[in-house]
Amino acid sequence: MEDKKEHWESIFANKALDEVSWYEPSPTFSIELFHQYVSNKSASVLNVGGGDSLLFDYLVKDGYENLHLLDISSNAIERAKERLADTGESINYIVSDITAFEPTQIYDVWFDRAAFHFLTDPLSIKKYIDVLNASTNSDSVIIIGTFSKDGPQKCSGIEIQQYNESDFKNLFESSFEVLEVLNVDHETPSETVQNFNFAILKKK
């Protein structure tokens, strides 16, 4: 298969915003998570693999003001910049593979909707957890969403790793406490349903 960065550059160069399976015209569930867990609108938020998700569009309107959007695809970042040009002046855009990201600060919120589950080999998973450790502290809110055991086995033509509550606990237990795991369905633009688990973690 082609290099993963090339794969995502191609996806974001050739597919419209509403043609990808993860598209949400209103990211209602993600916004609810922010309202529940992130009351401080000055909190520094890292959106991992945020691509051209509309989440930050809504968070900017909602008054969140310290937003950092990370994606492996420069095309995804450019699309987000264009869309948010008039409202997202305070957003920091980062082009990086999350497993190679070198944080220069601690983030109050680590939010990942469907990036982590693309990591299927132990080394990449370990690198992700190492970056997560370096980017957060015991006060940080950590939210990681993946396909559940009832969800798809592939996304965008790539095999993914499914997770349930036990998987999250076994994988993260050395450094993090799993506070809860929330199950939710996502309806894709093609009207199929994808089942997700969102783990809420706290650093020990």
Side-chain angles (χ1 to χ4, degrees), residues 8 12 16-18 20 22-117 128-146 172 175-182 184 186 196 198-204:
W8 292 114
F12 286 106
L17 179 68
D18 59 357
V20 292
W22 54 87
Y23 170 72
E24 298 176 295
S26 176
T28 304
F29 183 74
S30 297
I31 295 166
E32 288 174 354
L33 290 175
F34 271 83
H35 289 168
Q36 181 176 353
Y37 290 101
V38 190
S39 58
N40 178 10
K41 295 188 176 180
S42 296
S44 55
V45 178
L46 180 66
N47 187 0
V48 177
D52 55 3
S53 159
L54 299 182
L55 175 61
F56 272 12
D57 302 59
Y58 282 84
L59 292 186
V60 167
K61 292 176 184 176
D62 211 11
Y64 291 87
E65 56 188 20
N66 191 354
L67 304 175
H68 305 258
L69 177 61
L70 179 149
D71 201 275
I72 193 172
S73 167
S74 58
N75 287 329
I77 293 294
E78 287 306 313
R79 280 166 44 154
K81 282 183 178 180
E82 290 176 12
R83 196 182 65 251
L84 290 160
D86 295 332
T87 59
E89 298 90 347
S90 62
I91 296 175
N92 177 36
Y93 297 95
I94 305 164
V95 178
S96 178
D97 181 335
I98 189 57
T99 63
F101 179 51
E102 297 181 358
T104 57
Q105 68 176 87
I106 296 296
Y107 295 95
D108 300 312
V109 183
W110 174 287
F111 183 84
D112 174 349
R113 176 183 179 264
F116 178 61
H117 67 197
Y128 179 103
I129 295 174
D130 287 345
V131 174
L132 174 59
N133 255 312
S135 303
T136 57
N137 61 27
S138 60
D139 294 323
S140 300
V141 175
I142 301 162
I143 302 171
I144 301 175
T146 71
F172 290 99
S175 300
F176 301 90
E177 178 185 358
V178 178
L179 301 179
E180 63 177 326
V181 175
L182 305 171
V184 65
H186 162 63
F196 276 80
F198 279 77
I200 316 300
L201 309 180
K202 185 174 179 63
K203 201 168 186 178
K204 292 180 179 177

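Quick note: residue numbers are just sequence positions, from 1. Everything numeric here is computed off the predicted structure, so don't read it as measured data.
- Between Phe29 and Phe196, the distance from one ring center to the other does not fall under 6.0 angstrom.
- A donor-acceptor pair is defined here as one N or O able to donate and one able to accept, closer than 3.5 Å; such a pair exists between the side chain of Tyr64 and the backbone of Val38.
- Here CG of Leu84 is found 8.0 Å from CG of Leu69. Values are rounded to the nearest 0.5 Å.
- Of all non-hydrogen atoms in Gly51 and Ala80, the two that sit nearest each other are O-CB, 4.1 Å.
- Inter-residue side-chain proximity for Leu67 and Asn47 is flagged as unmet; no heavy-atom pair is nearer than 4.5 Å.
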Test log, rule side chain to side chain contact (heavy atoms under 4.5 Å, CB included), inputs Ser42 and Glu65: CA-CA 6 Å; Ser42 296; Glu65 56 188 20; 2.7 Å; yes
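- Closest non-hydrogen pair, Val48 versus Ala115, comes out as O-CB, 3.8 Å.
- The distance from atom CG of Leu201 to atom CD1 of Ile144, rounded to the nearest 0.5 Å, is 5.0 Å.
- A 4.5 Å side-chain heavy-atom check between Leu182 and Leu33 finds at least one atom pair inside the cut-off.
- In this structure, CD on Glu78 lies 12.0 Å from CG on Asp52, to the nearest 0.5 angstrom.
- Once rounded to the nearest 0.5 Å, the distance linking CD1 of Ile77 with CG of Leu70 reads 7.0 Å.
- Atom CG of Asp139 is separated from atom CD1 of Ile106 by 10.5 Å, given to the nearest 0.5 angstrom.
- The heavy-atom pair separating Ser53 from Arg83 by the smallest distance is O-NH2, 3.0 Å.
- Of the N and O atoms on the side chains of Asp97 and Thr99, at least one donor lies less than 3.5 Å from an acceptor on the other residue.
- Residues His186 and Tyr23 come closest through the heavy atom pair CE1-O, 3.2 Å.
- Remark: the backbone N or O of Asp62 is paired with a side-chain donor or acceptor of Lys41 at under 3.5 angstrom.
- Aromatic pair Phe34/Phe111: ring centres closer than 6.0 Å.
- Shown are Phe172, Phe116, Phe176, Tyr128; of these, the ring pair (Phe, Tyr, Trp, His ring centres under 6.0 Å) with Trp110 is made only by Tyr128.
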Do Ser140 and Lys203 pass the side chain to side chain contact (heavy atoms under 4.5 Å, CB included) test, and can you show the C-alpha distance, the side-chain angles, and the key distance before you say yes or no? CA-CA 7 Å; Ser140 300; Lys203 201 168 186 178; over 6 Å; no
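- Atom CD of Glu89 has more than 12 neighbouring heavy atoms from other residues, nucleotides or ligands inside a 6.0 Å radius.
- Of all heavy-atom pairs spanning Lys202 and Ser138, the tightest one is NZ-O, 2.5 Å.
- Interatomic distance, CG of Asp71 versus CZ of Arg79, reported as 10.5 Å (0.5 Å rounding).
- Of all the heavy atoms in Arg113 and Trp22, the pair that sits closest is NH1-O, 3.1 Å.
- A heavy-atom distance below 4.5 Å is found between the side chains of Ile31 and Leu55.
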Please evaluate residues Val20 and Phe12 with respect to the criterion side chain to side chain contact (heavy atoms under 4.5 Å, CB included), reporting the C-alpha separation (whole Å), side-chain torsions for both, the decisive distance (0.1 Å), and the verdict. CA-CA 9 Å; Val20 292; Phe12 286 106; 5.5 Å; no
Before you tell me yes or no, could you show the steps for Leu46 and Ile94 under side chain to side chain contact (heavy atoms under 4.5 Å, CB included), namely the whole-Å CA-CA distance, both residues' side-chain angles and the distance that decides it to 0.1 Å? CA-CA 10 Å; Leu46 180 66; Ile94 305 164; 4.2 Å; yes
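- The side-chain hydrogen bond (donor to acceptor under 3.5 Å, both in side chains) test applied to Thr87 returns no partner, not counting sequence neighbours.
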